[in-house]
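In what follows, a single structure is set out as structure tokens and then discussed.
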Amino acid sequence: MGSTEDLDYPQTILQYNSGFLVSKIMFTACELGVFDLLLESGEPLSSDAIAARLGTSTTGMERLLDACVGLKLLAVELTQEGALYRNTDISNIYLTKSSPKSQYHIMMYYSNTVYLCWHYLADAVREGRNQYERAFGISSKDSFGAMYRSEEEMLKFMAGQNSVWSICGRDVLAAFDLSPFRQIYDLGGGGGALAREYVSLYPNSTVTIYDLPKVVQVAKEQFVPPEERRIAFHEGGGVLLVESLLNEDKSGPLETQLYSMNMLVQTEGKERTAAEYSKLLEAAGFREIQVKRTGKIYDAVLGRK
């Protein structure tokens with residue numbers, strides 16, 4: 001970066017400029033099934049054969065394959081019959097659906113969801129907000145509601161996360177000796193890939209996954225086999241706030257106002273009204289919020305997911 005060569009000819013800048021093109025080449029080859037076909041065939045194939053089997057144009061497929069060769073995702077052998085293509089080792093391991101370390105699903109999530117949101121990156125920087133509304137025409141107020149806007153989208157996200165944990169999960173869990181911890185609670189555990197890695201690494205432990213009810217349902221149906229007894233699920237959850245509540249017009253109680261002043265000088269916190277706590281809980285995805293005033297110093301606010 002900033003070398004004399006870059007000043008004479010901006011090689012680094014030009015590489016950055018075409019970075020999204022590189023990503024889309026890889027995403028497209030995954031989406032069309034190029035790497036899966038070459039793995040299943042067991043032998044190198046011509047561009048015409050690949051195009052015919054995958055139902056694409058011959059000219060488009062040839063250019064895509066050659067670009068993948070340039071990216072070292074494919075290798076090519078020139079024969080008397082023409083060019084024959086095969087997967088490189090890295091593609092067999094990470095870009096085919098059947099591989100235990102497949103990154104196919106996270107690639108598809110990036111291609112079909114993340115890529116579209118990034119089109120509006122400048123707007124995100126200007127506004128400090130996510131861009132689901134511009135990208136997909138849906139409300140962006142509830143981020144997880146937008147991410148899980150359909151069961152199909154939720155499956156894509158969960159499968160994508162499982163892809164990541166298939167190559168990163170064991171390293172995270174083995175960073176420390178966690179064997180003394182026999183009961184594990186995985187908050188936002190999604191499809192359960194990290195939980196499966198955990199019980200594989202620490203077979204004497206059990207893991208309880210906490211997530212949204214619809215996520216838990218899909219995880220049970222699609223990702224965690226019923227015979228896996230060391231992984232359990234907890235649908236939803238709740239939070240109980242024990243606080244001294246201000247009146248809605250903040251006119252009192254005096255004791256709560258004094259607590260709030262004390263928090264200012266000690267912790268920079270503050271006491272709030274029931275409506276303000278409800279708003280915070282709703283922003284965090286909690287629903288069915290209930291408020292009970294006890295008539296004593298502390299009151300209770302309950303939110304459920």
Side-chain angles (χ1 to χ4, degrees), residues 27 30-31 33 35-36 39 92-115 117 130 132 142-239 284-288 303-305:
F27 295 162
C30 282
E31 183 175 343
F35 305 112
D36 293 316
L39 177 66
N92 276 333
I93 295 172
Y94 296 111
L95 299 181
T96 57
K97 294 179 190 175
S98 59
S99 170
K101 295 185 176 182
S102 174
Q103 297 302 293
Y104 170 85
H105 293 291
I106 195 65
M107 297 286 178
M108 292 301 91
Y109 184 74
Y110 266 63
S111 181
N112 298 319
T113 299
V114 177
Y115 188 84
C117 288
N130 73 61
Y132 278 100
D142 179 0
S143 297
F144 279 96
M147 290 169 62
Y148 298 155
R149 57 193 177 276
S150 68
E151 184 171 332
E152 181 184 5
E153 284 300 312
M154 185 167 59
L155 273 169
K156 287 179 183 177
F157 179 79
M158 293 170 70
Q161 288 299 105
N162 283 2
S163 296
V164 174
W165 290 130
S166 74
I167 60 173
C168 299
R170 183 159 291 250
D171 297 279
V172 172
L173 299 174
F176 303 99
D177 179 14
L178 301 178
S179 58
F181 303 101
R182 299 298 180 89
Q183 293 181 320
I184 306 301
Y185 301 93
D186 186 358
L187 305 182
L194 194 59
R196 292 200 302 276
E197 287 288 347
Y198 195 96
V199 297
S200 173
L201 191 60
Y202 303 106
N204 293 323
S205 298
T206 60
V207 179
T208 300
I209 295 173
Y210 284 74
D211 216 311
L212 299 174
K214 60 183 179 181
V215 174
V216 167
Q217 181 180 351
V218 171
K220 287 179 176 178
E221 294 173 354
Q222 303 280 345
F223 296 110
V224 178
E227 61 270 17
E228 178 52 84
R229 302 296 183 186
R230 293 169 298 175
I231 298 176
F233 291 89
H234 187 90
E235 301 181 12
V239 60
F286 289 90
R287 300 292 181 266
E288 301 179 33
R304 301 175 187 270
K305 275 194 178 184

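One-based numbering along the sequence shown. Reckoned from all heavy atoms, side chains included, excluding hydrogens, waters and symmetry mates.
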Verdict with reasoning, V224 to F233, per side chain to side chain contact (heavy atoms under 4.5 Å, CB included):
CA-CA 10 Å; V224 178; F233 291 89; 3.6 Å; yes
Tell me whether E151 at atom CD has more than 12 heavy atoms from other residues, nucleotides or ligands lying less than 6.0 Å away.
no
Kindly say whether R196 contributes a backbone atom to a donor-acceptor pair with the side chain of S200 at under 3.5 angstrom?
no
Can you confirm whether Q222 sits close enough to L155 that some side-chain heavy atom of one is under 4.5 Å from a side-chain heavy atom of the other?
yes
Find the distance between CG (L95) and OH (Y104) and round it off to the nearest 0.5 Å.
11.0 Å
Between M108 and C30, what is the shortest heavy-atom contact and its length?
CE-CB, 3.7 Å
Looking only at heavy atoms, what is the nearest atom pair of Y115 and S111, with distance?
CB-O, 3.3 Å
Minimal heavy-atom distance between V199 and R230, with the atoms involved, is O-NH1, 3.0 Å
Y109 versus M147: any side-chain heavy-atom pair under 4.5 Å?
yes
Could you go through E228 and V207, starting from their C-alpha distance and side-chain angles, then the distance that decides it, and tell me whether this counts as side chain to side chain contact (heavy atoms under 4.5 Å, CB included)?
CA-CA 11 Å; E228 178 52 84; V207 179; over 6 Å; no
Side-chain donor-acceptor contacts of residues 179-195 below 3.5 Å, not counting sequence neighbours, with atom names and distances?
{"unit_1": "S179", "atom_1": "OG", "unit_2": "D177", "atom_2": "OD1", "d": "2.6"}
{"unit_1": "S179", "atom_1": "OG", "unit_2": "D177", "atom_2": "OD2", "d": "3.4"}
{"unit_1": "R182", "atom_1": "NE", "unit_2": "S179", "atom_2": "O", "d": "3.4"}

If you compare all heavy atoms of Y132 against all heavy atoms of A146, which two are closest, and at what distance to 0.1 Å?
CG-CB, 3.6 Å
Y110, OH atom: more than 12 neighbouring heavy atoms under 6.0 Å
no
From K220, K214, E221, residue fulfilling side chain to side chain donor-acceptor pair (under 3.5 Å) relative to Q217:
E221
Any idea which heavy atoms bring S98 and L39 closest together, and the distance?
OG-CD2, 3.6 Å
Can you see which heavy atom on S102 is nearest to which on S166, and at what distance?
O-OG, 4.1 Å
The reported gap from CE in M107 to CZ in F27 (rounded to nearest 0.5 angstrom) is 6.5 Å
Going from CD1 on I167 to CD on Q103, what distance comes out if it is rounded to the nearest 0.5 angstrom?
3.5 Å
Using side chain to side chain contact (heavy atoms under 4.5 Å, CB included), reason through E31 and N112 one step at a time and then give a plain yes or no.
CA-CA 10 Å; E31 183 175 343; N112 298 319; 4.2 Å; yes
Separation between OH of Y198 and OG1 of T206, rounded to the nearest 0.5 Å:
9.0 Å
Under the side chain to side chain contact (heavy atoms under 4.5 Å, CB included) criterion, do H105 and N162 qualify, and how do the steps go?
CA-CA 8 Å; H105 293 291; N162 283 2; over 6 Å; no
What's the separation between atom OG in S163 and atom NZ in K97, rounded to the nearest 0.5 Å?
12.0 Å
Exam field: side chain R304 to backbone E288, donor-acceptor pair closer than 3.5 Å:
no
From CE (M158) to CG (D211), nearest 0.5 Å:
7.0 Å
Side-chain donor/acceptor of Y202 to backbone N/O of L178, under 3.5 Å:
yes
